[in-house]
Amino acid sequence: MRVLLVDDSDVYRSTLELLLGAEEDIDVAGTAADGPEALSACAAGPVDVVLLDFRLPGADGASVTRELRARQPALAVVCLTAAATPDEREAVRAAGAAAVVEKGDLPSLLATIRQVARARSFP
């Protein structure tokens, strides 16, 4: 499956790209540092799953998720967070995110990506 990484931290984004790139069934389709870059990257090429940081410059995960899903309803969005409140988590789910995962929990992140892909019938 093709995964787009969206996070404003260059270090976190690069680390996640390296870790996910080592997985046989995951192809990192690209990276983005903010909401507009994420929208452009999704429009530019095939993406199955977007890993989206909840807090981005000028936008929150709920608003970016809503826009991504409005443009591509089949797109799976997994929101990444280090400190989202329960209300913020609910808002991103209501906006169409398939899941919310803690940034530091790589095993859960990998399992969630695969689970979401299976549910959406991505290869």
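The analysis underlying the following values was restricted to heavy atoms, covering all of them including side chains, and did not include hydrogens, waters or symmetry mates. Computed from a predicted structure; not experimentally measured.
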Next item on the list: Check step by step if side-chain contact (heavy atoms from CB on, under 4.5 Å) holds for Gln72 and Cys42.
Entry: CA-CA 8 Å; Gln72 296 183 30; Cys42 283; 3.5 Å; yes
Check: Which is it for Cys79 and Val101 under the side-chain contact (heavy atoms from CB on, under 4.5 Å) test, yes or no, and what are the steps along the way?
Finding: CA-CA 6 Å; Cys79 191; Val101 178; over 6 Å; no
Considering non-hydrogen atoms only, spot the tightest contact between [X] and [Y] and give its length.
| X | Y | result |
| --- | --- | --- |
| Ala95 | Ala62 | CB-O, 3.3 Å |
| Leu56 | Asp8 | CD2-N, 3.9 Å |
| Arg69 | Gly96 | NE-O, 3.3 Å |
| Ala41 | Val47 | O-CG2, 4.3 Å |
| Lys103 | Leu80 | CG-CB, 4.0 Å |
| Val92 | Arg89 | CG1-O, 3.2 Å |

Item checked: Non-neighbouring partners of Ser40 that pass side-chain hydrogen bond (donor to acceptor under 3.5 Å, both in side chains), sequence neighbours left out ->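 side-chain hydrogen bond (donor to acceptor under 3.5 Å, both in side chains) check on Ser40 returns nothing, list empty.
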To the nearest 0.5 angstrom, please state how far the [atom1] atom of [X] sits from the [atom2] atom of [Y].
| X | Y | atom1 | atom2 | result |
| --- | --- | --- | --- | --- |
| Tyr12 | Thr31 | OH | OG1 | 13.5 Å |
| Leu51 | Asp7 | CG | CG | 10.0 Å |
| Asp48 | Ile113 | CG | CD1 | 11.5 Å |

Salt bridge present between [X] and [Y] (N-O < 4.0 angstrom):
| X | Y | answer |
| --- | --- | --- |
| Arg55 | Asp60 | no |
| Arg2 | Asp27 | yes |
| Asp53 | Arg13 | no |
| Arg114 | Glu23 | yes |

Transitively linked via ILVMFWY side-chain contacts under 4.5 Å: [X] with [Y]?
| X | Y | value |
| --- | --- | --- |
| Val28 | Val116 | yes |
| Leu109 | Val100 | no |
| Val64 | Leu4 | yes |

Next item on the list: For side-chain contact (heavy atoms from CB on, under 4.5 Å), just list the numbers for Glu90 and Asp87, CA-CA rounded to whole Å, side-chain angles, deciding distance to a tenth of an Å, and then say yes or no.
Entry: CA-CA 5 Å; Glu90 182 55 35; Asp87 287 344; 5.6 Å; no
Notebook entry, point to check: Between the main-chain N or O of Val11 and the side-chain N or O of Thr15, is there a donor-acceptor pair closer than 3.5 Å?
Noted result: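 Confirmed, Thr15 side chain pairs with Val11 backbone.
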Note to self: For the backbone of Ala33 and the side chain of Glu37, can you confirm whether one donor and one acceptor N or O come within less than 3.5 Å of each other?
What the structure shows: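 Yes, because the side chain of Glu37 sits within donor-acceptor range (under 3.5 Å) of the backbone of Ala33.
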Next item on the list: Mind running side-chain contact (heavy atoms from CB on, under 4.5 Å) on Val3 and Val50 for me, showing each step along the way?
Entry: CA-CA 6 Å; Val3 177; Val50 175; over 6 Å; no
Next item on the list: Give me the one residue out of Leu52, Val78, Leu75 that meets side-chain contact (heavy atoms from CB on, under 4.5 Å) with Thr65.
Entry: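 Per the side-chain contact (heavy atoms from CB on, under 4.5 Å) rule, the option paired with Thr65 is Leu52, out of Leu52, Val78, Leu75.
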